[in-house]
J.: 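The structure under discussion is supplied below as structure tokens; questions concerning it will follow.
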Amino acid sequence: MISSRIPLPLLSDSSRTGRNNACVVISRGGSNAIQFNFEDSKVAANYNHLFLNQRLCLVAAYLLRQQSLVERFDKVYGEALTPIFVHGLQVAIDGNEEEKKKCYSISEANIPDTDEFSEEEGAYAQNAMISLYYFLGNALSEDGASIQGAIGLMLENLDLLNYESDHNYDQSTMILNEITVVLDMISVIVRAPSSDATLANSTARGYML
């Protein structure tokens with residue numbers, strides 16, 4: 001079973017992902033923590049000119065890149081988190097307030113407990129589901145800290161993936177790549193006639209993890 005009793009990390013608590021309210025910091029405890037968020041100077045001029053629904057579409061596309069990690073969890077443990085994850089991202093953009101509240105509760109109730117799901121897939125899925133939870137919270141309240149929390153957990157998964165394949169990988173290069181990804185996604189979204197879940201899905205497809 002999926003545990004619904006995971007103590008969610010506070011957005012101001014840097015002990016889990018190394019983030020704070022001003023920016024996202026990813027670190028596995030080393031000294032070279034990397035900072036990045038959607039208001040990084042390299043992307044802020046573009047991000048800040050987006051309409052609200054365009055921003056939601058951008059973040060949904062960015063988080064959707066984790067879908068394969070949730071699928072890995074489902075395959076290892078015989079669970080069914082992927083439909084919840086994908087549907088929640090869609091509702092954050094296109095859903096009404098009642099639908100967002102429902103998905104917000106469902107996402108919280110389906111965050112995997114890594115004590116129970118101890119393989120690396122459990123950690124990936126936990127990060128992905130908490131990022132969804134934060135994103136839905138932002139969609140309900142426009143809380144900027146929730147957006148940074150969601151991005152931070154996506155980056156933590158990316159960091160873990162890179163570290164898994166190469167313990168000495170260059171975090172700085174990863175962040176530069178992520179800035180390029182975000183700028184590319186923004187260029188697609190601003191040219192689209194509407195910002196909906198279909199656009200988020202198509203925008204993410206070229207950048208899946």
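Computed from a prediction, not measured in an experiment: that's the story for all the values here.
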J.: Search all heavy atoms of Q126 against all heavy atoms of P112 and return the closest pair with its distance.
T.: NE2-O, 2.9 Å
J.: So, taking the atom named CG in N127 and the one named CG in L63, what distance separates them when rounded to the nearest 0.5 Å?
T.: 11.5 Å
J.: Report yes if some heavy atom in the side chain of Q171 is under 4.5 Å from a heavy atom in the side chain of D159; otherwise report no.
T.: yes
J.: With hydrophobic residues grouped by side-chain heavy-atom distances under 4.5 Å, do V190 and Y207 end up in a single group?
T.: yes
J.: Check G95 against K100 and note the closest heavy-atom contact, atom names and distance.
T.: O-CE, 3.1 Å
J.: Got a second to check how far L69's CG is from M129's CE, nearest 0.5 Å?
T.: 13.0 Å
J.: Looking only at heavy atoms, what is the nearest atom pair of I186 and Y47, with distance?
T.: CD1-N, 4.0 Å
J.: Between L132 and S107, what is the shortest heavy-atom contact and its length?
T.: CD2-CB, 3.8 Å
J.: To the nearest 0.5 Å, tell me how far T198 OG1 sits from I93 CD1.
T.: 9.0 Å
J.: Under the side-chain contact (heavy atoms from CB on, under 4.5 Å) test against M185, which residue among V181, V182, V188 passes?
T.: V181
J.: Where is the tightest heavy-atom contact between L153 and Q66, given as atom of each residue plus distance?
T.: O-OE1, 4.1 Å
J.: So, K101 and E97, do they make that salt bridge, N to O below 4.0 Å?
T.: yes
J.: I'd like to know if V91 and L140 are part of one continuous hydrophobic network [Ile/Leu/Val/Met/Phe/Trp/Tyr, side-chain heavy atoms within less than 4.5 Å].
T.: no
J.: Do Q67 and T82 pair up side chain to side chain, a donor and an acceptor below 3.5 Å, judged on atom types alone?
T.: no
J.: So, S202 side chain and L199 main chain: donor-acceptor pair closer than 3.5 Å or not?
T.: yes
J.: Where the side chain of Q54 meets the backbone of F51, is there a donor-acceptor pair that is under 3.5 Å apart?
T.: yes
J.: Has E99 got a side-chain atom pairing as donor or acceptor with N96's backbone, closer than 3.5 angstrom?
T.: yes
J.: Is there a side-chain contact between V59 and N138, using heavy atoms and a 4.5 Å cut-off?
T.: no
J.: For the side chain of N110 and the backbone of I106, is there at least one donor-acceptor N/O pair under 3.5 Å apart?
T.: yes
J.: Between atom CG of D94 and atom CG of L89, what is the distance when rounded to the nearest 0.5 Å?
T.: 11.5 Å
J.: Decide if the gap between the ring center of Y163 and the ring center of Y169 is smaller than 6.0 angstrom.
T.: no
J.: Quick check: closest heavy atoms across A128 and V70, and the distance to 0.1 Å?
T.: CB-CG2, 3.7 Å
J.: Starting at CD1 of I175, measure out to CG of L155 and round the result to the nearest 0.5 Å.
T.: 5.5 Å
J.: Please answer whether the main-chain N or O of A197 pairs with a side-chain N or O of N201 as donor and acceptor at a distance below 3.5 Å.
T.: no
J.: Do the charged groups of R72 and E119 touch, with an N to O distance under 4.0 Å?
T.: no
J.: Do L56 and F135 make a side-chain contact, defined as non-hydrogen atoms from C-beta onward lying under 4.5 Å apart?
T.: yes
J.: Flag the pair S195 / I189 as yes when at least one side-chain heavy-atom distance between them is below 4.5 Å, and no otherwise.
T.: yes
J.: With R65 as the cation and Y62 as the aromatic partner, state whether NZ or CZ is under 6.0 Å from the six-membered ring centre and within 45° of the axis.
T.: yes
J.: For residues L176 and M154: do they belong to one hydrophobic cluster (side chain heavy atoms under 4.5 Å, members Ile, Leu, Val, Met, Phe, Trp, Tyr)?
T.: no
J.: Take E120 and L160 through the test side-chain contact (heavy atoms from CB on, under 4.5 Å) and record every step on the way to the result.
T.: CA-CA 9 Å; E120 62 189 14; L160 291 171; over 6 Å; no
J.: How long is the straight-line distance from CG of L161 back to CE of M174, given to the nearest 0.5 Å?
T.: 10.0 Å
J.: Can you check ring-ring contact (aromatic ring centres under 6.0 Å, His included) on F73 and Y124, steps first, answer last?
T.: CA-CA 8 Å; F73 174 84; Y124 290 138; over 10 Å; no
J.: Starting from the C-alpha separation in whole Å, work towards a yes-or-no answer on side-chain contact (heavy atoms from CB on, under 4.5 Å) for N162 and D166.
T.: CA-CA 6 Å; N162 280 283; D166 178 6; over 6 Å; no
